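Below is one structure, written out as structure tokens; comments come after it.
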Amino acid sequence: MGALNVAASWVGTTALGPGRRSVVWVQGCPFHCAGCMSPDWIPDVPARSVKPAALAAELLADPGVEGLTFSGGEPMRQAAGLAELIRAARRIRDTTLVCFSGYTLRHLRTRPPTPGVPDLLDEVDVLIDGLYVAALDDGRGLRGSGNQRVHHLSGRLADCGYDFAGRDRSAEIAVDGREALLIGVPPPALLTVFDAAVDHVRQSSIGGRA
Ligand code: SF4
């Protein structure tokens with residue numbers, strides 16, 4: 001199996017699905033939604049290259065992690081590698097899977113954009129599908145805008161008490177060296193504050209080196 005092209009990953013968060021989870025954001029997305037919160041991860045350029053089995057071990061190094069979340073970028077463009085990743089994780093221990101996609105489930109089933117899509121869909125417990133539409137961002141739930149749908153493909157997380165569509169939003173800011181990562185689907189105002197803070201730090205850093 002080939003390597004995944006990963007924009008970022010994080011071990012142990014409660015901001016992207018039920019329980020404690022690890023997250024993979026893949027690099028590259030064919031869509032250009034206005035207001036996308038991760039525009040740096042849209043270009044299809046090389047980022048971190050990592051084998052699925054190695055990444056699975058890394059993501060489950062925290063024994064409290066009970067699930068993975070795939071986001072991006074567009075996970076379905078790397079579906080075969082992500083299917084291998086979740087299978088490798090499940091060989092380590094039982095792990096739930098939440099996956100985001102800009103494609104609708106109907107599109108994925110009728111015209112899969114890559115050959116690995118059916119394999120990945122077979123592994124997904126919850127798919128949150130559809131493009132982000134800023135005008136329909138109601139500030140609720142794990143989906144970014146009201147047009148996006150929550151599909152309980154396996155039913156495994158349907159009764160876990162986690163309201164994917166209507167819950168109050170939460171987000172975490174993780175700092176790793178000089179990089180800051182906003183984890184979660186934030187209330188719109190938080191994203192604005194985060195972007196301004198990152199710009200401020202970058203400007204200060206440029207000024208400091210000049
Ligand atoms: S599908 Fe997601 S990652 Fe791609 S442009 Fe839209 S919001 Fe951004």
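Ligands are counted one by one from 1 in listed order, and the atoms in each one are counted from 1 as well. All values reported here derive from a predicted model rather than from experimental measurement.
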Atom 6 (Fe) of ligand 1: which protein N, O or S atoms are under 2.8 Å away? C33 SG
Remaining members of the apolar cluster that contains Y132, side-chain heavy atoms under 4.5 Å: none
Could you work out the complete set of other residues in the hydrophobic cluster of L136, with links drawn between I, L, V, M, F, W and Y side chains under 4.5 Å apart? V133
Which residue from S38, S71, G73 reaches closest to atom 3 (S) of ligand 1 through any of its heavy atoms? G73
Answer yes if L181 and L142 sit in the same cluster of Ile, Leu, Val, Met, Phe, Trp and Tyr residues linked by side chain heavy atoms under 4.5 Å apart, and no otherwise. yes
Rounded to the nearest 0.5 Å, how far does CD1 of I92 lie from CZ of R87? 15.0 Å
Using 30° and 60° as the class boundaries, would you call the ring planes of Y103 and H107 parallel, tilted or perpendicular? tilted
Expected list for residues 58-73: side-chain donor-acceptor pairs under 3.5 angstrom, two or more places apart:
from	atom 1	to	atom 2	distance (Å)
E58	OE1	R48	NH2	2.7
E58	OE2	R48	NH1	3.1
D62	OD1	G64	N	2.7
D62	OD2	R20	NE	2.8
D62	OD2	R20	NH2	2.9
T69	OG1	L16	O	2.7
T69	OG1	R21	NE	2.9

